[in-house]
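So the structure is just underneath, and the comments pick up after that.
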Amino acid sequence: MRPNIKNIAVLTSGGDAPGMNACIRAVVRTGIYNGINMFGVLQGYQGLINNNINPMDARSVSNIIHLGGTILKTARCLEFKTEEGLDIAFANLKARDIDGLIVIGGDGTFTGAQRFAKKHGVKVIGIPGTIDNDLSGSDFTLGYDTAINTVIEAIDKIRDTADSHDRLFFIEVMGRDSGCIALRSAIASGAEAVLLPERETSVDELVAQLESGASTKKSSSIVIVSEGHKDGGAYDIAKKVKERFNHYDTKVTILGHLQRGGSPSSFDRILGSRLGFAAVNEILKGSTMQMVGLRGNEIHTTSIEDALTKHSFKLENDLLEMTKVLSI
Ligand code: ADP
């Protein structure tokens, strides 16, 4: 029998990611389809504390599936990390008889959700929304695919100018702890080298790689640097390499926050829709402290605990090896 759940709220928290709107739309409409009163919380956990919680209907999510960002806004909220903050948030949900909460965000968001659920017994389901693809339990997180597409579109443009002037470009992409964006975009853009936070690549190794390309008459080179690389960002690496390798004019581009924006790819729209639909169905089954994700193209449920603690950044050495072979 279905648990007696009448009211569910949804929020987006932490870093925004393309596809969040498609996901909000799916959550709201799946809830309404099942006879649930749906609420949207503005600005993540800050909105729970500030009582910024508004009813949503099927029309309040019309025409948003193609939009980047999040119509519910997002925030980083320090107060939610305090016991008092958790209590105020709970009082605001209780006043509206809201017994289920769906959070779309990354590992920080899930940590908060878990504390909140444990302390106050609210049923919480997490949806992985982060461009970093750094949560275990889902092959893909929402926004990751769009971010890679944005990165490769930018690199393609940089390649045009790099090639025309015989330039060496160092392009810094997002990913403090996870080299997923860097590695995938290196493959998809045909970069000459990639530096990942998970792996130490010495300047010697990089210079040898670039020299080998120059000796076979490459007219330009692109090196992708993950922002979390141990030897520093793209500017630091470029400086070190320039001292030793002077075949090309050297330039640096930091792609920065443009990687977070833009209209979601079809993959992220579909992923957001599937995960939003699945999250509501999980809550209606009575589940709590679970994350819905995608594994092998099937919806897969993992405990938030496992999504957080088992997350290991397993470097895909086979892909890295392939990148080297394909860039000779
Ligand atoms: P992301 O979800 O993208 O990883 P953050 O790490 O900024 O982003 O986390 C988002 C929000 O989650 C934080 O601003 C805070 O409100 C909440 N949060 C993070 N850690 C905790 C915690 N230990 N207890 C309660 N809330 C937390």
Side-chain angles (χ1 to χ4, degrees), residues 9-21 23-24 27 41-53 68-70 72-93 101-122 124-138 140-147 173-178 180-181 197 227-228 256-257 259-261 264 268 271-272 275-276 279 288-293 302-313:
V10 57
L11 60 80
T12 48
S13 159
D16 58 302
M20 282 183 164
N21 283 325
C23 191
I24 294 166
V27 167
V41 182
L42 283 182
Q43 291 186 310
Y45 295 130
Q46 193 65 55
L48 281 186
I49 290 172
N50 295 351
N51 208 7
N52 218 336
I53 306 168
T70 157
L72 291 178
K73 311 274 187 189
T74 178
R76 305 206 192 261
C77 171
L78 290 180
E79 209 182 335
F80 197 70
K81 293 187 176 181
T82 65
E83 296 302 324
E84 200 194 0
L86 293 173
D87 295 344
I88 297 170
F90 178 63
N92 288 332
L93 284 185
L101 179 66
I102 293 176
V103 299
I104 310 170
D107 52 1
T109 299
F110 285 4
T111 307
Q114 192 173 31
R115 271 186 71 194
F116 190 51
K118 278 187 182 157
K119 182 162 194 196
H120 289 296
V122 177
V124 174
I125 298 291
I127 298 178
T130 161
I131 63 166
D132 292 337
N133 205 32
D134 59 354
L135 285 158
S136 90
S138 191
F140 295 95
T141 56
L142 211 47
Y144 171 56
D145 181 70
T146 306
V173 301
M174 281 183 166
R176 232 166 280 141
D177 306 305
S178 155
C180 284
I181 292 181
E227 63 178 334
H257 281 80
Q259 294 163 86
R260 286 261 184 89
D268 278 326
L271 182 64
L275 296 181
T288 185
M289 287 191 272
Q290 302 293 310
M291 180 191 90
V292 289
T302 315
S303 70
I304 287 185
E305 179 97 48
D306 282 355
L308 288 171
T309 53
K310 288 200 176 154
H311 98 184
S312 61
F313 303 116

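Just so you know, ligand 1 is whichever comes first in the structure, and atom 1 is the first atom listed for that ligand. Numbers here simply count residues along the sequence, with the first being 1. All values reported here derive from a predicted model rather than from experimental measurement.
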Discussion item. To the closest 0.5 Å, what do you measure between CG (Asp268) and CG (Asn21)?
Written reply: 12.0 Å
Worksheet item: Roughly how far, to the nearest 0.5 Å, is OG1 of Thr109 from CZ of Arg76?
Response: 8.0 Å
Practice prompt. Step through the shown structure and confirm whether more than 12 heavy atoms of other residues, nucleotides or ligands are within 6.0 Å of CD on Glu84.
Written response: no
Discussion item. Residue by residue, ordered by chain and number, which ones reach under 4.0 Å of ligand 1 with a heavy atom?
Written reply: Ser13, Gly14, Gly15, Tyr45, Arg76, Cys77, Phe80, Lys81, Gly106, Asp107, Gly108, Thr109, Thr111, Gly112, Arg115
Item to complete: Hey, could you give me the NZ/CD distance between Lys81 and Glu79, rounded to the nearest 0.5 Å?
Response: 13.0 Å
Fill in: Test item: Ile131 and Pro18 side chains (from C-beta on) under 4.5 Å apart, heavy atoms
yes
Discussion item. Is the ring pair Phe116/Phe90 parallel, tilted or perpendicular, if the boundaries are 30 and 60 degrees?
Written reply: perpendicular
